[in-house]
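Notes follow once the structure below has been shown.
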Amino acid sequence: VTTFHCERAWLGGETAPADVAIEVAGDRITSVMAGVPAPPGSVVLSGVTIPGLANAHSHAFHRALRGRTQRGRGSFWTWREEMYAVARRLDPDSYRALARAVFGEMVLAGITVVGEFHYLHHGPGGVPYSDPNAMGQALVDAAREAGVRLTLLDTCYLHGGIGTPPDATQARFADPGAGAWAERVSALRDAPAVRVGAAVHSVRAVDPASMLVVGEWAAGRGAPLHAHVSEQPAENAACLDRHGRTPTGLLADSGLLGPRFVAVHATHVDAADITRLGESGSTCCLCPTTERDLADGVGPAAALRAAGARLALGSDSQAVIDLFEEARAVELDERLVTGVRGEHGPADLMADATASGYRALGWPDGGRIEPGALADLTSVSLDSVRLAGTRADDAVTSLVFAANATDVHHVVVGGEVFVRDGRHVRLDVVRELSRVLAP
Ligand SMILES: [Zn+2]
């Protein structure tokens with residue numbers, strides 16, 4: 001049994017009470033008490049402790065594009081060509097090394113669970129590795145070494161676009177059919193800090209009959225099911241042209257929407273889509289720093305929330321890895337579109353970044369500081385120039401609207417300390433990133 005003593009801790013709502021003792025046995029919180037002096041032998045967590053942050057949508061290898069895709073004009077589609085060039089270079093060893101460094105960056109940023117939307121499955125030309133899950137296993141190993149909890153969202157990818165076969169690069173993403181996808185993924189197993197989930201890459205890459213197979217696989221296991229949805233107007237147009245329905249409409253008619261379903265982006269959804277996503281209890285995972293980077297647009301976050309959809313957050317393309325920036329962008333980007341302030345309150349945004357993301361990744365008992373919850377904790381220092389002078393009553397608001405990833409100084413995953421005073425206790429993350437990105 002370990003007792004963590006938090007200078008302040010966010011237990012929900014708009015305030016963060018002082019002197020919170022969190023008792024942990026194994027990987028679970030067993031008791032939480034506010035207003036008690038630090039017990040002897042406790043592990044002190046200074047600053048404001050919040051539940052660990054959930055990164056609900058990640059492609060770890062996109063980190064190799066940071067800083068290299070900002071020259072010249074272009075669009076999502078020209079960016080995608082640069083992303084494909086990175087994908088062509090990776091094998092299981094280099095994928096593991098890159099992912100370990102990136103997951104290390106995430107842990108340093110206070111991220112304690114990541115949903116890795118994994119579609120780079122096969123070798124050059126689409127030839128399977130001797131272990132057909134070698135690339136997925138590389139991610140599992142990388143996450144374990146970096147100390148982050150992982151939901152491996154193994155992604156079904158069959159077509160290069162609606163009605164077109166995969167091209168030479170996309171062949172590495174593609175299984176021969178949905179049945180072959182299900183057979184391959186069924187060989188992956190849950191482990192103590194690893195959960196296997198499913199993903200439909202998009203309506204571009206998976207046809208309706210194949211969606212049914214993926215949906216049944218996920219339903220049979222009670223596993224999370226994610227899909228990229230309406231990131232681009234061109235995707236909507238192609239889907240309407242071929243299927244007479246929006247991407248959300250098509251996914252709904254295939255029975256995929258529901259409490260285990262996560263629509264990633266949901267940027268260009270219409271009123272009927274918003275109603276479907278809300279009424280079904282689906283989650284929408286917004287990735288604002290990627291959406292702004294790729295000139296995708298701003299999604300209707302307030303309307304989705306009002307309709308009943310849950311919101312989660314993802315670093316997606318790793319343009320930056322900073323869940324505080326994602327959280328405030330939900331509110332701030334929408335202000336620019338609507339001219340209205342305050343649609344999303346700080347407590348809602350904090351819940352999006354924690355409990356909502358955990359739930360979206362199949363860990364409904366995480367993202368909260370309460371007895372029985374997973375002992376995943378992130379402490380944010382108030383000693384930076386950004387946060388110095390924060391008043392106790394404003395701590396939650398200041399974290400959401402002014403903190404950044406470098407303010408995170410302690411991180412606990414499953415009761416184990418992985419970041420102490422801003423340093424990863426196992427990995428030299430800066431050195432690893434340098435080695436894999438600029439060897
Ligand atoms: Zn994505």
Side-chain angles (χ1 to χ4, degrees), residues 54-66 69 75-87 90 95 98-99 102-103 106 111 113-121 135-136 139 150-161 169-170 172-174 197-206 214 224-236 239 247-248 251 256 261-269 282-299 311-323 325-326 329-330 357 360-361:
N55 186 1
H57 187 70
S58 158
H59 310 281
F61 79 90
H62 293 190
R63 174 67 175 80
L65 297 163
R66 188 184 297 173
T69 58
S75 66
F76 168 85
W77 306 101
T78 55
W79 171 88
R80 193 177 74 158
E81 287 307 315
E82 301 189 73
M83 183 268 283
Y84 281 6
V86 174
L90 292 164
Y95 198 47
L98 175 54
V102 176
F103 290 155
M106 289 183 194
I111 291 164
V113 64
V114 58
E116 179 67 17
F117 197 104
H118 163 59
Y119 56 85
L120 182 53
H121 301 303
M135 295 294 266
L139 294 168
L150 173 71
T151 297
L152 181 65
L153 297 160
D154 195 294
T155 303
C156 183
Y157 194 111
L158 304 175
H159 313 297
T169 304
Q170 292 163 337
R172 294 195 63 181
F173 314 157
V200 164
H201 180 274
S202 59
V203 299
R204 289 179 272 126
V206 182
V214 181
L225 173 59
H226 292 218
H228 289 127
V229 175
S230 292
E231 182 174 8
Q232 284 291 322
E235 171 189 316
N236 285 5
C239 191
T248 300
L251 291 158
L256 267 56
F261 180 73
V262 177
V264 179
H265 302 300
T267 307
H268 301 281
V269 286
S282 298
T283 297
C284 296
C285 181
L286 310 181
C287 310
T289 68
T290 293
E291 288 146 11
R292 58 169 79 141
D293 184 56
L294 299 182
D296 285 344
V298 179
L311 302 186
L313 303 166
S315 67
D316 190 4
S317 70
Q318 331 297 357
V320 294
I321 295 175
D322 188 336
L323 266 283
E325 181 61 31
E326 305 293 346
V330 171
L361 295 175

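Order of listing sets the numbers, starting from 1, for every ligand and every atom in it.
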If we check side-chain hydrogen bond (donor to acceptor under 3.5 Å, both in side chains) with His57, which of these qualifies: His265, Glu116, His228? His228

Using the test salt bridge (Lys or Arg N to Asp or Glu O under 4.0 Å), find all partners of Asp316 that sit at least two apart in sequence or belong to another chain. none

Under the salt bridge (Lys or Arg N to Asp or Glu O under 4.0 Å) test, residues paired with Arg292 that sit two or more places apart: Glu325, Asp333

Under 2.8 Å: N/O/S of His57 next to the Zn ion (ligand 1): yes

Which atom name would you report as the N, O or S atom of Asp316 nearest the Zn ion (ligand 1)? OD1

Donor-acceptor contact present, side-chain Ser230 to main-chain Thr267, <3.5 Å: no

N/O/S atom of His265 under 2.8 Å from the Zn ion (ligand 1), yes or no? no

